Amino acid sequence: MLRYKKLKRQNDFQNKSAESNFSLLMEAWKPLSMGFKKRWWDYVALPEDVDASDEDSFRQEIRDLAFTSLQLLKDAIFDAECAPLFSLEVYGHIIGMFELNNLDLVVASPVEDYFIHIDDLPDDKKEEAEKATAPLLDALDDDYAVPCDGTAFFPLQSCMNHSCCPNAKAFKRDEDNDGHAVIIALGPISKDEEITISYIDEELPYEERQAELADYGFTCTCSKCQEEKPN
């Protein structure tokens with residue numbers, strides 16, 4: 001939605017047709033389209049504690065959960081110009097995409113930035129603002145500066161295929177709190193060699209790796225799996 005609004009400002013589309021606005025919305029969607037996957041409730045692997053005979057009921061429960069989530073999201077940020085994004089079908093694909101492609105990250109505490117901003121205000125404004133913020137700061141104590149753990153979608157990283165013997169990995173140090181994704185090579189990578197990462201803990205035994213990869217909808221046949229596959 002933010003990309004769409006930015007494109008609209010850049011293209012001066014304020015008074016253009018609905019068709020033109022829709023084309024801009026699709027242009028804004030492009031970075032996400034490369035991670036477009038099945039609907040969340042269609043591909044999620046059946047949990048071990050759910051009997052196969054109850055699969056339809058389980059998937060309906062997941063769909064109902066997505067529907068409830070979508071209603072809450074619409075209450076918070078719905079924009080009529082971006083209405084196509086708020087269908088359950090599209091939302092199901094977005095959740096599915098994120099479930100399969102997300103990467104852990106850490107971002108600096110926005111609360112800390114807020115208090116720093118208050119501290120930098122002119123004395124008169126600072127004194128007035130602190131009437132409201134001082135109790136919050138006292139309640140949070142040192143926790144106001146704790147970074148936020150989260151996940152995010154990165155289009156380039158999401159294009160990388162899995163291998164249980166990858167030649168690269170997503171790298172995050174404790175001090176990296178800018179929300180950026182960093183991919184580092186684990187060794188020399190030849191020209192035209194595919195860059196792969198591991199979607200799971202590649203140190204797990206063969207059967208456990210395959211079970212975890214079931215959610216991704218494929219059976220891994222990398223060199224490591226071929227070597228460890230039972231006869």
Side-chain angles (χ1 to χ4, degrees), residues 1-16 18 20-22 24-33 35 40 65-88 90-158 170-184:
M1 288 173 63
L2 293 175
R3 282 177 53 81
Y4 163 74
K5 291 176 181 179
K6 182 178 180 180
L7 287 170
K8 190 173 181 181
R9 289 195 301 271
Q10 291 174 344
N11 290 273
D12 192 26
F13 266 54
Q14 299 298 325
N15 299 310
K16 298 298 176 66
S20 297
N21 286 341
F22 183 76
L24 276 188
L25 186 61
M26 293 301 96
E27 178 68 23
W29 173 259
K30 275 186 178 180
L32 297 179
S33 64
W40 181 47
L65 179 61
F67 177 80
T68 301
S69 173
L70 177 59
Q71 301 313 304
L72 294 170
L73 186 66
K74 289 174 71 173
D75 288 345
I77 64 171
F78 182 77
D79 185 320
E81 290 186 10
C82 300
L85 299 180
F86 289 89
S87 73
L88 183 59
V90 172
Y91 190 57
H93 283 297
I94 291 175
I95 302 174
M97 172 200 71
F98 196 86
E99 182 82 12
L100 287 179
N101 294 285
N102 72 85
L103 190 67
D104 290 342
L105 55 74
V106 176
V107 294
S109 169
V111 179
E112 181 180 22
D113 289 340
Y114 176 69
F115 286 122
I116 290 174
H117 170 72
I118 296 296
D119 201 47
D120 289 339
L121 290 174
D123 289 343
D124 56 335
K125 292 184 178 180
K126 177 181 176 181
E127 183 178 352
E128 184 64 27
E130 285 182 339
K131 293 178 182 178
T133 61
L136 296 176
L137 188 57
D138 290 342
L140 290 169
D141 198 23
D142 292 338
D143 288 343
Y144 81 95
V146 173
C148 300
D149 293 321
T151 59
F153 172 77
F154 296 93
L156 181 60
Q157 172 259 334
S158 73
F171 183 68
K172 177 173 65 66
R173 302 172 302 179
D174 290 340
E175 61 266 32
D176 291 334
N177 59 8
D178 55 8
H180 292 170
V182 178
I183 306 296
I184 64 169

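What you see below is based on every heavy atom in this structure, not just the backbone, and it leaves out hydrogens, waters and symmetry mates. A quick note: this is a predicted structure, and the numbers were derived from the prediction, not measured. Counting begins at 1 with the first residue of the sequence.
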Considering all heavy atoms of both residues, which atom of [X] and which atom of [Y] are nearest to each other, and what is their separation?
{"X": "Pro84", "Y": "Val90", "value": "O-CG2, 3.6 Å"}
{"X": "Cys148", "Y": "Ser109", "value": "SG-CA, 4.4 Å"}
{"X": "Glu130", "Y": "Pro135", "value": "O-CD, 4.2 Å"}

Side chain proximity check, [X] to [Y], heavy atoms < 4.5 angstrom:
{"X": "Gln71", "Y": "Thr68", "value": "no"}
{"X": "Leu85", "Y": "Tyr4", "value": "no"}
{"X": "Phe154", "Y": "Ile183", "value": "no"}

Counting only heavy atoms from other residues, nucleotides and ligands, does the tally under 6.0 Å from [atom1] of [X] exceed 12?
{"X": "Lys6", "atom1": "NZ", "result": "no"}
{"X": "Phe67", "atom1": "CZ", "result": "no"}
{"X": "Asp123", "atom1": "CG", "result": "no"}
{"X": "Phe22", "atom1": "CZ", "result": "no"}
{"X": "Phe86", "atom1": "CZ", "result": "yes"}
{"X": "Ile116", "atom1": "CD1", "result": "yes"}

Mind checking the [atom1]-[atom2] spacing from [X] to [Y]? Nearest 0.5 Å is all I need.
{"X": "Leu24", "Y": "Lys5", "atom1": "CG", "atom2": "NZ", "answer": "13.5 Å"}
{"X": "Lys126", "Y": "Asp119", "atom1": "NZ", "atom2": "CG", "answer": "4.0 Å"}
{"X": "Leu137", "Y": "Asp143", "atom1": "CG", "atom2": "CG", "answer": "11.0 Å"}
{"X": "Asp75", "Y": "Leu70", "atom1": "CG", "atom2": "CG", "answer": "9.5 Å"}
{"X": "Leu73", "Y": "Ile94", "atom1": "CG", "atom2": "CD1", "answer": "8.5 Å"}
{"X": "Lys125", "Y": "Asp120", "atom1": "NZ", "atom2": "CG", "answer": "13.0 Å"}

- Message: Between Asp141 (side chain only) and Asp138 (backbone N and O only), is there a donor and an acceptor less than 3.5 Å apart?
- Response: no

- Query: Strictly by modelled atom types, are Ser69 and Tyr91 linked by a side-chain donor-acceptor pair under 3.5 Å?
  - Reply: yes

- Note on the structure: Tested for side-chain contact (heavy atoms from CB on, under 4.5 Å) against Ser158, the lone hit among Asn101, Asn102, Leu103 is Asn101

- Stepwise, does the side-chain contact (heavy atoms from CB on, under 4.5 Å) test hold for Phe115 with Leu136? CA-CA 10 Å; Phe115 286 122; Leu136 296 176; 4.2 Å; yes

- Considering only NZ, NE, NH1 and NH2 on the basic side and carboxylate oxygens on the acidic side, decide whether Glu27 and Lys30 come within less than 4.0 Å. yes

